[in-house]
Structure formats: structure tokens, C-alpha cells
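Have a look at the structure below, then the notes.
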Amino acid sequence: MTKAIMLQGTGSDVGKTVLVAGLCRLAANRGLKVKPFKPQNMSNNAAVSDDGGEIGRAQWLQSLAARTPSSIHMNPVLLKPQSENGSQIIVQGKVFGQARARDYQMLKPLLLEQVLESFAITLEGADLVIVEGAGSPAEINLRPGDIANMGFATRAKVPVVLVGDIDRGGVIASLAGTHAILSDDDRAMISGYIINKFRGDVSLFDDGKAAINRFTGWPCFGVVPWLKAAARLPAEDSAVLERLARGASGALKIAVPVLPRIANFDDLDPLRAEPDVELVFVKPGDRLPDDAALVILPGSKSTIADLGDLRAAGWDRDLEAHVRRGGRVIGICGGYQMLGRVVRDPLGIEGASNATPGLGLLDVETEMAPEKTVRNSLAVSVEHGVPLAGYQIHLGVTTGPDCARPSAVIDGVADGAVSVGGRIMGTYLHGLFGSDAYRGKLLESFGLSGQRRSYGQIVDQALDEVADELETHLDNAWVAGLLG
């Protein structure tokens with residue numbers, strides 16, 4: 001029988017995603033057939049799975065860690081926020097519909113059966129499945145109809161390990177408090193806990209572990225230090241953008257405006273990993289830096305709404321000044337659509353039916369359409385003549401004179417647009433900066449030379465380092481029981 005374990009957190013952003021990825025790599029390194037699973041994810045960082053549907057980028061990373069093909073069944077429910085209280089719902093890789101938060105609560109019991117179906121499919125052929133929860137089981141107001149935490153664990157009969165984040169403080173109270181408020185049946189699912197993101201001398205927490213045991217009776221399966229290698233892995237949630245420190249000054253400054261519905265911002269990770277690049281994430285209220293050589297408009301889950309927010313932040317004026325100074329601009333997916341003259345939405349796909357003026361930096365226009373393009377793609381850069389590999393997730397068709405100068409040829413079809421003079425470029429291809437040859441040529445065009453490290457190797461090495469840290473700091477007996 002396939003083993004399964006579920007990591008749940010005392011709150012959001014406690015490091016579950018990285019721990020699951022690390023455990024997947026540790027199991028794979030020991031020769032096990034391991035797979036990740038997350039019943040429900042909420043993220044605008046999506047990936048195209050190997051079987052051709054949308055899943056959370058985190059589950060794509062975890063499948064990479066497990067050295068197994070990614071599948072829509074690894075993340076059967078993906079919520080992609082479009083507004084403050086509404087999301088697009090992806091079920092088993094395909095668009096299911098849209099719902100406001102309150103309406104979605106009524107849908108969850110119906111989706112549980114599909115979650116359990118996907119879990120059964122994920123179990124097939126695996127020695128071990130490592131499940132990641134979402135949020136916290138302590139949100140007992142959401143327990144009725146839950147499919148993300150204890151609702152799933154109790155139905156699927158998967159034992160739970162609770163993860164607490166000591167870096168944010170209050171970890172003893174968060175673990176003891178979770179124990180106190182769970183029902184007896186839910187509490188019985190928890191087999192122990194892990195302390196994550198510890199800094200300093202681990203022995204100093206011995207009294208803390210004793211206190212947690214006194215309040216809960218749960219054993220500690222390990223105290224995991226702050227994992228430095230995790231910074232080299234793609235982030236799951238845009239909340240990380242709030243914490244990204246501005247790096248050391250580099251030879252090339254690249255600015256990225258952080259829009260409220262930013263999507264697939266991990267497109268930028270390969271550039272952030274370059275030692276001679278200073279990648280600046282610009283928050284609302286701050287101006288785009290005058291000395292940036294390149295501005296990148298990333299993807300968006302709601303192009304029209306984010307266009308309005310871009311103007312409200314004054315970034316449209318900053319972009320015009322940037323271009324007048326000779327700066328360059330690259331727009332990806334929704335960012336590409338914003339660069340055109342107009343975005344039309346005759347069917348009201350993104351809300352009220354309207355036509356919204358774009359930034360006018362490319363002579364193209366976009367019309368939203370109900371059919372979503374979702375596929376992994378191979379491409380060639382027209383400018384540099386080097387191969388690209390990435391994926392497409394977008395609504396809308398973009399046409400216009402500047403499309404006569406495509407930025408790439410994707411699967412044999414011209415894609416994107418380049419302005420007269422070549423300083424403004426748009427594309428629907430996500431992941432292009434991860435193509436090492438293209439990234440090298442792009443940086444060379446700004447005068448940067450030198451050997452470029454393979455970004456794929458950077459991520460793979462980071463996963464191995466995380467796995468090694470977990471092997472060192474997790475309880476040997478627990479790991480042996482899990483991986484034995």
C-alpha cells in the first residue's frame with residue numbers, strides 16, 4: 001500500500017511548500033517513487049503540467065523535486081484570485097468557473113469527490129505521496145466542507161504533521177492553540193510536529209519542545225533551520241514580493257512594477273539569480289527608478305484591472321519617461337496586452353464589458369476571448385535566433401502592425417510584437433528568461449558578458465541542498481519510518 005503523509009501549517013507561509021519539495025527530493029534520492037499532492041491551492045503563479053492542464057507552480061516545483069512528471073491530479077483545485085473576494089476556479093487542470101469567496105464555500109463539498117479521485121490517481125504507481133495543506137486547520141470557521149486540510153485528511157485517512165514557523169514568533173502558542181481548538185477527530189489525525197525556520201543554537205529550544213509536548217502530547221519530528229537554499233527556489237505566493245530585499249547594485253538595473261494581480265512572477269527568478277543584475281520590485285507609491293535600463297511588465301490575472309492600478313500608481317508616466325530616455329520594455333502575457341493601444345473585452349470576461357486604453361507603446365490591440373490557451377511550448381527568439389522553452393496560459397488575441405515583427409516563433413507560429421526600433425517587446429511566452437541561451441543574449445545586448453550558469457542547475461542544486469538539510473535536522477527514526 002502506498003504511504004502518504006500530509007504537512008499542514010499553523011498558519012500560511014510557514015514553509016510547507018519547501019518542506020514538501022525537500023522531502024520529495026530526499027525520497028527520490030533514496031530511490032523511492034514519490035509524488036506531491038495539494039488538494040486546493042490559491043495562487044496566480046500557475047504552471048502547465050506535463051499532461052497539459054493548469055496546476056500551482058509549487059506543485060510543478062515539487063514534481064521536479066520528486067523527479068516525476070507533473071500532473072493535473074497533483075493539484076486538483078487551483079484558485080486564481082481575480083479580485084479582493086473572487087477567484088477563477090481550475091478543477092483538474094481546466095477552468096471550472098468563477099466564484100466569490102462566500103459562493104465557493106458552498107461549492108467545496110462538490111469538489112471534494114474530484115479531489116479524492118485525483119488523490120487516488122496520484123497514489124497509483126507511487127511508493128510515497130507527500131501532501132501539502134493550505135492555510136491552517138486552526139481556521140475552524142472554514143472546517144465545514146473543508147477540502148484543503150482536515151476535511152481532506154479525515155476522508156483520505158492521511159496522517160498529519162503540523163508545521164510551525166518559529167521565525168514569526170509565538171510558535172509554542174500556535175501549536176498549543178491549534179491542539180486546543182481542533183475537534184477530537186481532527187486532533188487525532190496529527191502524529192507530530194516540525195519546527196521550521198529556526199535561527200541559532202537548536203538546543204536553546206529544548207525547553208520549548210518540552211512545553212509543546214506538555215500542552216499537546218505531540219512528538220517533535222525535528223527543528224529545521226532557516227534554509228538558505230530556499231531563496232534560490234521559485235516562490236509560490238506573491239506575498240514574498242513584500243519581503244524581497246533589494247539586492248546589491250548590479251551592472252544592469254531591471255525594474256518590475258508589482259501590480260495587485262501579478263501572475264507568474266517567477267518568470268523573473270532567472271534574472272534575479274544573475275550576479276550582475278539588480279532586479280528591483282517596485283511597490284505602489286514608489287516611482288520606477290530613473291536609472292533602470294529595462295522595465296518588465298509581468299503577467300496579470302486581470303489585465304484591465306491592473307491597467308487601472310498601473311495608471312493610479314503613476315507608472316504609465318514613468319514608463320513614458322523611461323522610453324524617452326532610451327530605456328527598453330518587455331511585456332509578458334498580461335504585460336504584453338497592456339503595452340498595446342487598447343484592450344477590448346466585449347463579452348465582459350474580466351468584468352464589465354468595455355474597451356480600455358492601453359499604454360500605447362506597441363501598435364497592437366487585444367480582444368479578450370473565452371477560450372484559454374494552456375500549453376507547454378518550444379520556441380525560437382526572432383531577435384537572437386536561440387531556442388526558448390516555456391509555457392502559455394492566457395486569454396485573448398493580440399493583433400496589429402507591430403505583430404509583423406514577432407518576438408518569437410512558438411510551436412511554428414509567430415508570437416508577440418516588437419516596436420519600430422526594437423526597444424519595446426511583448427510576448428505570450430512565460431519562462432523565456434529561464435532559457436539560458438536567450439537570457440545570455442539578452443544580457444549581452446545590455447553590454448554584460450561572461451559565462452551564464454544554467455538556471456535549471458541552480459534550482460536542482462538548491463533542491464538537493466534542502467533535502468540534505470532535512471536529512472540532517474529531522475528525526476532519524478521518523479524519516480526512516482517515512483522513507484523505509
Side-chain angles (χ1 to χ4, degrees), residues 1-8 15-39 41 47 49-51 55-76 118-133 152-153 156-163 191-194 196 219-225 227-230 232-234 236 376 434 453-484:
M1 181 179 293
T2 301
K3 290 182 182 178
I5 191 77
M6 185 175 193
L7 268 60
Q8 296 184 17
K16 301 185 300 293
T17 296
V18 172
L19 292 179
V20 170
L23 287 170
C24 282
R25 176 52 61 92
L26 179 57
N29 284 347
R30 293 197 179 184
L32 295 182
K33 295 178 180 178
V34 58
K35 297 180 185 179
F37 184 80
K38 184 161 185 169
N41 198 349
S49 63
D50 288 313
D51 52 3
I55 61 173
R57 198 78 185 154
Q59 281 61 66
W60 178 90
L61 175 69
Q62 290 162 351
S63 71
L64 183 71
R67 298 194 179 97
T68 192
S70 58
S71 167
I72 57 173
H73 297 294
M74 292 175 176
N75 176 207
S118 286
F119 182 60
I121 292 170
T122 303
L123 289 171
E124 293 174 1
D127 299 315
L128 173 66
V129 173
I130 304 178
V131 184
E132 179 185 347
F152 168 81
K157 297 180 172 56
V158 177
V160 173
V161 175
L162 200 58
V163 178
S191 57
Y193 69 92
I194 293 171
N196 198 25
C220 179
F221 293 147
V223 179
V224 177
L227 298 169
K228 294 180 181 178
R232 306 201 302 275
L233 298 175
E236 175 184 19
N376 290 310
R453 288 187 64 195
S454 164
Y455 180 66
Q457 290 179 5
I458 291 173
V459 171
D460 202 61
Q461 182 180 349
L463 288 168
D464 278 333
E465 289 179 23
V466 170
D468 289 345
E469 289 274 28
L470 296 187
E471 188 169 26
T472 298
H473 295 283
L474 291 178
D475 180 78
N476 290 334
W478 180 73
V479 171
L482 181 65
L483 305 184

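These values consider heavy atoms only, across backbone and side chains, with no hydrogens, waters or symmetry-generated copies. When a residue number appears, it is its place in the shown sequence, counting from 1. Computed from a predicted model, the values in this text were never measured in an experiment.
- For the residue pair Ser70 and Gln59, no side-chain donor N or O sits within less than 3.5 Å of a side-chain acceptor on the partner.
- Closest heavy-atom contact between Thr2 and Ala126: OG1-O, 2.8 Å.
- Residue Val20 comes nearest to Val131 through the heavy atom pair CG2-O, 4.3 Å, listed as atom of the first residue, atom of the second, then distance.
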Any chance you could lay out the side-chain contact (heavy atoms from CB on, under 4.5 Å) test for Val129 and Glu124, step after step, and finish with the verdict? CA-CA 10 Å; Val129 173; Glu124 293 174 1; over 6 Å; no
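- Using a 4.5 Å heavy-atom threshold, the side chains of Pro225 and His473 count as touching.
- When all heavy atoms are compared, the tightest approach of Leu483 to Ala27 is CD2-CB, 3.7 Å.
- The CG atom of Leu64 sits 9.5 Å away from the CZ atom of Arg57 when rounded to the nearest 0.5 Å.
- Closest approach of Gly481 and Lys3 over heavy atoms only: O-NZ, 2.6 Å.
- Between Phe221 and Tyr193, the distance from one ring center to the other does not fall under 6.0 angstrom.
- Separation of atoms CD1 (Ile130) and CG (Leu19) is listed at 10.0 Å; rounding is to 0.5 Å.
- The CG atom of Leu128 sits 11.5 Å away from the NZ atom of Lys35 when rounded to the nearest 0.5 Å.
- Remark: Asp127 CG to Arg30 CZ distance equals 13.5 Å, nearest 0.5 Å.
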Derivation and outcome, side-chain contact (heavy atoms from CB on, under 4.5 Å), residues Leu474 and Leu23: CA-CA 10 Å; Leu474 291 178; Leu23 287 170; 3.8 Å; yes
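- Within the 3.5 Å criterion, the main-chain N or O of Ala467 finds no donor-acceptor partner in the side chain of Asn29.
- A side-chain donor-acceptor contact under 3.5 Å links Asn75 to the backbone of Gly56.
- Going from atom CG of Leu233 over to atom CD of Gln62 covers 10.5 Å, rounded to the nearest 0.5 Å.
- The two atoms that bring Ala21 and Leu463 nearest to each other are CB-CD2, 4.1 Å, heavy atoms only.
- Under the 3.5 Å distance criterion, the side-chain polar atoms of Asn41 are left unmatched by any main-chain donor or acceptor of Ile55.
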Go through it in stages, so that I can follow the logic: the residues are Met6 and Phe152, the test is side-chain contact (heavy atoms from CB on, under 4.5 Å), and I'd like the CA-CA distance, side-chain angles, deciding distance and then a yes or no. CA-CA 10 Å; Met6 185 175 193; Phe152 168 81; 3.8 Å; yes
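- Formation of a donor-acceptor pair under 3.5 Å by the Arg25 side chain with backbone atoms of Ala65 is found in this model.
- Using a 4.5 Å heavy-atom threshold, the side chains of Met74 and Thr68 count as touching.
- Judged by distance alone, with hydrogens and angles left aside, the side-chain atoms of Ser191 form no donor-acceptor pair with the main-chain N or O of Pro159 at under 3.5 Å.
- Side-chain contact of Gln8 with Glu132: a donor-acceptor pair under 3.5 Å is absent, judged by distance alone.
- Here the side chains of Phe37 and Ser118 are in contact, with some heavy-atom distance below 4.5 Å.
- Contact detail for Ala66 and Val34: the closest heavy-atom pair is CB-O, 3.3 Å.
- The line from OG of Ser71 to CH2 of Trp60 is 15.0 Å long, rounded to the nearest 0.5 Å.
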Between Glu465 and Gln461, is a side chain to side chain donor-acceptor pair (under 3.5 Å) present by the stated rule, with each step listed? CA-CA 6 Å; Glu465 289 179 23; Gln461 182 180 349; 3.2 Å; yes
Apply side-chain contact (heavy atoms from CB on, under 4.5 Å) to the pair Val224 and Val163, showing each step before the final yes or no. CA-CA 10 Å; Val224 177; Val163 178; over 6 Å; no
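- Looking at Lys38, its side chain never comes within 3.5 Å of a backbone N or O of Thr17 through a donor-acceptor pair.
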